**Q** 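This is the structure I want to talk about, given as structure tokens.
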Amino acid sequence: MPIPTTPPPVLDVQDVHFRQPERHELPNGVPVYAVGGAPDPILRLEAVFPAGRRMELPGEHGVGAAAARLMTEGAGAFSGDAINRMVEQAGATLKVRGGFDYITLHFHGLNRSLPDVLPVLRALIEDARYPDKAVANYVRNNRQKLRIREEKVDYLADIGMRESFFGTDHPYGYRMTDAAFAAITPEALRAHHKRCIATSKPFIVAAGQLDEKAMAFLTDAFGRTARGGLPEPKTPPSATPLDPDASAEARIVHIPKPGAVQAAIRFARPALPKNHPDYRRFFVLNTVFGGYFGSRLMSNIREDKGYTYGIYSGMTQFKDGGFWYISSEVGGPVCEDALHQVRLEMKRLREEPIPEDELERVRHYLTGSILGSVDGPFKTADTVRGILQGDLEMDHVQRLVDTIRTVTAVELQDMARRHLTEDDLLEYVVGHPPA
Amino acid sequence: MIQFQKRVLDNGLTVLVHEDPSSPMAAVNILYDVGARDEDPARTGFAHLFEHLMFGGSANIPDFDGVLQRAGGNNNAFTSNDITNYYDVLPAVNLETALWLEADRMHLLDFSPRSLEVQRKVVCEEFKEHYINQPYGDVWHLLRELTYTRHPYRWPTIGLELKHVEDATLEDVEAFFYKHYRPDNAILCVAGGVKAEQTFQLVEKWFGGIEAGGRPPRNLPQEPQQLEAREKTVEAEVPVDVLYRAWPMCARRDHDYHASDLLSDVLSAGESGRLHRRLVMENELFSDLEAYVMGSLDEGLFVVEGKYAEGVDRAEAEAALEAELEAIRSTPIGEDELEKVRNQSEAHEAFGNVSVLSKAMKLCYFELLGDAADINQETDRYRSVTAADIQRVAREILRPERANTLHYRAKRAVPAL
């Protein structure tokens with residue numbers, strides 16, 4: 001049988017169907033965004049509390065992350081040991097993690113065993129204890145982990161870039177140090193929990209098979225006690241060498257790292273606010289530049305030159321600011337040329353319109369990836385959480401699809417001229433070889 | 001319950017189709033029955049390098065990624081010691097494009113010197129990024145070398161050394177392709193918003209004309225039974241002392257695999273696992289301690305890995321670890337503990353069978369193990385493990401005389417906290 005020689009036709013995706021979550025309100029006003037449709041009776045929920053770094057008190061460092069991580073180490077009448085045993089006995093998984101804006105409680109398990117974990121879940125949301133021993137253990141282990149991380153150029157570059165961008169005392173900018181871990185106290189964690197978790201209002205995204213059992217569980221776990229909003233913190237504006245008036249040297253930071261065989265390179269400039277009229281068009285431009293495997297950066301620096309295993313650009317958005325970044329690890333001897341090539345690719349997008357076939361490819365790629373991001377209950381739930389955390393509207397998906405379909409090469413070149421600029425670009429390299 | 005249909009083409013390609021009408025996407029997964037264990041000891045890292053070359057263009061398609069992106073898809077691949085696995089996920093309306101792409105590169109790869117040169121460099125950077133420029137990055141090189149004396153599992157997929165990758169030639173590439181990348185050495189699964197009958201027709205259309213190669217014989221040197229414990233100590237510029245201990249265990253297809261996996265869960269799954277609870281939380285001898293199995297197709301490893309807590313006596317910590325292992329060898333676990341690890345595997349299976357891609361990957365893997373339908377037996381297999389089974393495999397695996405211990409020590413004096 002001969003092998004066919006005519007390629008199959010490529011069809012346009014006609015319709016991206018984003019099944020919007022059902023919005024329920026628990027008796028105390030806590031919103032639940034529910035996405036059903038799992039094949040088995042399982043539940044995955046994420047309760048997102050306004051309790052991350054942004055809500056720490058002035059001078060506190062690492063309290064949000066520690067308060068999150070240690071919530072499961074003792075609550076109400078349960079020891080940490082009892083909490084873990086009861087949750088895991090039910091085949092469930094419970095993790096609480098703190099980030100820049102939020103503390104997120106991740107839970108998943110089998111619907112049939114939800115009643116077994118309810119008392120535990122309530123206790124740790126309402127009355128986490130932060131036993132001295134668990135806090136001391138956390139501090140000790142994290143001081144040790146920090147020493148391991150600080151050997152890695154990629155870690156040093158990520159935190160150093162953030163620190164340069166926001167400032168050393170800014171909640172988004174500070175770096176965790178040995179002294180900062182040592183300063184964490186059980187009292188501070190209890191106070192943070194009381195203020196930002198026990199009485200604050202989270203939003204909940206639930207996915208799986210949302211039968212009566214699952215909904216009753218959510219109501220009993222999160223809906224029974226009074227919860228209210230929190231006063232917004234006064235987040236200082238981000239710093240620093242990004243000031244267009246600053247000298248070019250101030251915006252180029254090269255940190256040596258003896259023994260490093262690769263250099264970690266980062267670039268950053270302020271992200272567009274989500275309500276900016278260019279926001280969605282810039283998203284498409286970022287994809288062309290460094291947002292997917294076929295991007296300009298990847299084609300040049302990995303596929304053409306073989307300098308790196310990977311190079312990406314993207315946006316990190318927080319509630320009060322954010323940055324657009326480029327990130328890669330490259331061989332030491334080619335570091336200088338890699339930095340040069342990155343700037344060259346930015347310039348090329350400012351000076352030349354994107355060819356139509358490349359833009360078509362990006363349109364289809366993005367439409368397909370958005371279709372994938374709303375495929376099935378768990379991916380849909382992830383998308384919903386992203387929308388809510390980003391303070392976006394539920395029509396965001398549709399508006400993004402519309403922009404992807406209609407944006408032109410001329411508009412994207414205009415985006416590049418406005419937003420792929422170098423006068424406010426921070427260049428941060430760790431492991432830069434000595435000149 | 002995951003329903004699927006299976007057919008085998010005349011050229012030996014095994015095809016599985018799973019319809020999931022709720023999904024607008026299609027996942028196309030191809031598993032080639034070749035991994036790092038099939039490499040020549042003088043040319044290690046080749047299966048993984050080859051995985052990179054599979055994206056370097058084929059007979060009619062110079063740019064694999066570009067064509068797939070144009071159809072709204074994305075893809076990736078991975079290489080293990082046992083298999084090489086490629087997948088594409090794209091809108092179901094464009095399923096045929098993914099089949100065309102995969103068939104074209106199975107039919108005839110474009111062996112260009114330029115592509116080889118670039119991917120050699122990329123893989124060398126990957127080697128540096130993950131295995132050299134990281135504290136403990138070489139641990140699997142060291143541990144595999146210690147635990148396997150003859151079997152090709154003694155090298156990791158990235159290869160023994162950079163030089164093997166740097167020395168790869170076009171002739172090597174071509175020979176590897178015709179030996180291992182033939183339809184009769186592959187399993188294809190399509191899962192998602194597709195119709196089975198139409199999918200089988202499309203697969204026949206694109207793959208039916210590719211010639212079979214004859215499955216290459218696999219005569220791997222078998223590992224002799226280990227008779228005495230082995231130990232190795234290395235010093236490097238790392239911040240913390242780490243203990244790695246590995247014992248030989250059964251292969252993935254062995255009837256004791258599920259009990260062995262649950263044994264590792266009893267010791268270490270979650271925060272309530274014995275090792276974490278007793279030696280990290282209660283006794284504070286380790287800052288981190290876990291046990292896991294390598295579910296490999298030939299005899300695998302059961303591994304315990306622990307970071308010593310600051311300032312502890314290492315001998316004391318090791319003795320406490322040994323006491324935990326003795327406890328699980330000498331006393332059957334309780335019903336509660338057994339029910340816990342069974343429930344955990346049930347949830348793990350249920351959550352793992354949701355996305356179209358994970359279903360396609362798992363169907364291919366179970367077919368390689370013997371029968372794709374076994375994907376639906378997995379929860380029962382875990383459920384039927386008894387406390388006696390776990391004690392039996394603990395006695396079989398965790399023998400002091402078969403332990404392989406790697407002490408990874410910090411070279412410089414660490415400043416006291």
Side-chain angles (χ1 to χ4, degrees), chain A residues 1-4 7-8 10-11 13 17 37-40 42 72 81 84-85 88-93 108-110 113 137 140-141 143-144 147-148 151-153 178 259-262 292-294 302-304 306-309 329-331 360-361 364-365 367-369 371-372 375-376 378-379, chain B residues 22-25 60 65-66 69-74 89-91 93-94 96-97 100 107 117-119 121-122 125-126 128-129 132-135 205-206 208-210 237-240 269-272 277 281 284 287-288 307 309-310 336 339-340 343-344 346-347 350-351 353-356 417:
Chain A
M1 182 185 157
I3 293 165
V10 171
L11 305 178
V13 172
H17 181 62
D40 294 304
I42 51 181
T72 51
D81 195 26
N84 292 322
R85 260 191 295 114
E88 290 169 7
Q89 190 67 40
T93 302
H108 62 261
L110 306 163
S113 43
N137 203 334
R140 195 172 50 242
N141 289 343
R143 291 169 81 177
Q144 194 188 59
R147 290 220 302 265
I148 298 176
E151 292 299 313
K152 304 185 184 192
V153 291
D178 194 64
V261 297
Q262 280 188 317
Y292 76 127
F293 198 86
R302 170 175 154 138
E303 293 296 299
D304 186 60
Y307 287 171
T308 182
Y309 181 52
E329 277 75 61
V330 302
E360 268 305 290
R361 187 175 67 198
H364 283 86
Y365 167 77
T367 309
S369 78
L371 193 67
D375 176 22
F378 297 138
K379 288 202 187 129
Chain B
S22 75
S23 174
M25 305 296 284
N60 301 296
D65 292 306
Q69 287 151 3
R70 180 68 180 71
N74 65 76
V89 181
L90 78 177
V93 290
N94 285 327
E96 194 174 355
T97 296
W100 171 51
H107 167 56
E117 187 199 340
V118 169
Q119 292 308 319
K121 283 197 218 161
V122 169
E125 289 306 317
E126 184 180 358
K128 292 180 202 162
E129 188 174 325
I132 300 178
N133 212 20
Q134 296 281 346
K205 170 180 166 186
W206 289 105
I210 303 173
E237 300 222 342
V238 294
V240 177
E271 308 274 318
S272 70
R277 189 156 50 89
M281 298 309 289
E284 302 183 356
S287 64
D288 205 10
K307 294 190 183 76
E310 197 68 47
D336 266 13
E339 191 56 21
K340 178 184 81 171
N343 284 343
Q344 284 173 333
E346 181 178 347
F351 280 91
N353 290 344
V354 175
S355 89
V356 291
L417 287 176

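Computed over heavy atoms, backbone and side chain alike; hydrogens, waters and symmetry mates excluded. The shown structure was predicted, so the numbers you read here are calculated from the model rather than taken from an experiment. Within every chain, numbering begins at 1; the chains are lettered A, B, ... in the order of the sequence lines, protein sequences first and strands thereafter.
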**Q** Considering only heavy atoms and a distance below 4.5 Å, find which of B:Asp336, B:Thr97, B:Asn353, B:Asn60 pairs most often with chain A.
**A** B:Asp336
**Q** Among A:Tyr292, A:Phe293, A:Tyr365, A:Tyr307, which residue forms the greatest number of heavy-atom pairs with chain B at distances under 4.5 Å?
**A**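 Top count of heavy-atom pairs under 4.5 Å with chain B: A:Tyr365.
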**Q** Would you name the heavy atoms of A:Glu151 and B:Pro135 that are closest together and state the gap between them?
**A** CB-CG, 3.9 Å
**Q** Please rank B:Gly209, B:Pro91, B:Ser272 by heavy-atom pairs under 4.5 Å with chain A and give me the top one.
**A** B:Ser272
**Q** Answer with side chain, backbone, both or neither: which region of B:Val89 has an atom nearer than 4.5 Å to a non-hydrogen atom of chain A?
**A** neither
**Q** What residue, out of B:Gln344, B:Glu271, B:Lys121, has the most heavy-atom pairs lying under 4.5 Å from chain A?
**A** B:Glu271
**Q** Looking at every heavy atom in both B:Ser287 and A:Gln144, which two are closest together, and how far apart are they?
**A** OG-OE1, 2.5 Å
**Q** Looking at A:Arg85, A:Glu303, A:His17, which has the largest count of heavy-atom pairs under 4.5 Å with chain B?
**A** A:Glu303
**Q** Do B:Pro24 and A:Asp375 come within less than 4.5 Å of each other through their side chains, counting heavy atoms only?
**A** yes
**Q** Tell me, out of A:Gly37, A:Gly331, A:Gly376, who's got the most heavy-atom pairs with chain B below 4.5 Å.
**A** A:Gly331
**Q** At a 4.5 Å cut-off on heavy atoms, which part of B:Glu117 comes close to chain A: side chain, backbone, both, or neither?
**A**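 The answer is neither part of B:Glu117.
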**Q** Any salt bridge between A:Glu88 and B:Arg277, counting N to O under 4.0 Å?
**A**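 Salt bridge flag = no for B:Arg277 with A:Glu88.
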**Q** With rounding to the nearest 0.5 Å, note down the distance linking CZ in A:Arg361 to CG in B:Asp65.
**A**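 Reported to 0.5 Å precision, the distance equals 9.0 Å.
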**Q** So which atom in B:Met25 and which in A:Gly368 form the shortest heavy-atom distance, rounded to 0.1 Å?
**A**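 Taking B:Met25 first and A:Gly368 second, the nearest heavy atoms are CE-O, 3.6 Å.
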**Q** Using a cut-off of under 4.5 Å for heavy-atom pairs, which of B:Val354, B:Val356, B:Asn94, B:Val93 has the most such pairs with chain A?
**A** B:Asn94
**Q** Can you give me the closest heavy-atom contact between B:Glu125 and A:Tyr309, atom names plus distance?
**A**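 Nearest heavy atoms, B:Glu125 then A:Tyr309: CB-N, 4.0 Å.
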**Q** Do NZ/NE/NH1/NH2 and the carboxylate oxygens of B:Glu284 and A:Arg140 come within less than 4.0 Å?
**A**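 Salt bridge between B:Glu284 and A:Arg140, a charged N being under 4.0 Å from a carboxylate O: yes.
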**Q** I need the residue from A:Val330, A:Thr308, A:Asp40, A:Val153 with the largest number of non-hydrogen atom pairs under 4.5 Å to chain B.
**A** A:Thr308
**Q** How close do A:Leu110 and B:Asn343 get, heavy atom to heavy atom, and via which atoms?
**A** CD1-O, 4.2 Å
**Q** For B:Phe351 and A:His108, take the angle between the two ring planes, folded into 0 to 90°, and tell me which bin it lands in: parallel under 30, tilted 30 to 60, perpendicular over 60.
**A** tilted
**Q** Check each atom of A:Ala38 against the heavy atoms of chain B and say whether the ones under 4.5 Å are side chain, backbone, both or neither.
**A**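 No part of it gets close to chain B.
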**Q** Could you check whether any side-chain heavy atom of B:Lys307 comes within less than 4.5 Å of a side-chain heavy atom of A:Ile148, counting everything from C-beta outward?
**A** yes
**Q** If you compare all heavy atoms of A:Pro7 against all heavy atoms of B:Trp206, which two are closest, and at what distance to 0.1 Å?
**A** CA-CH2, 4.3 Å
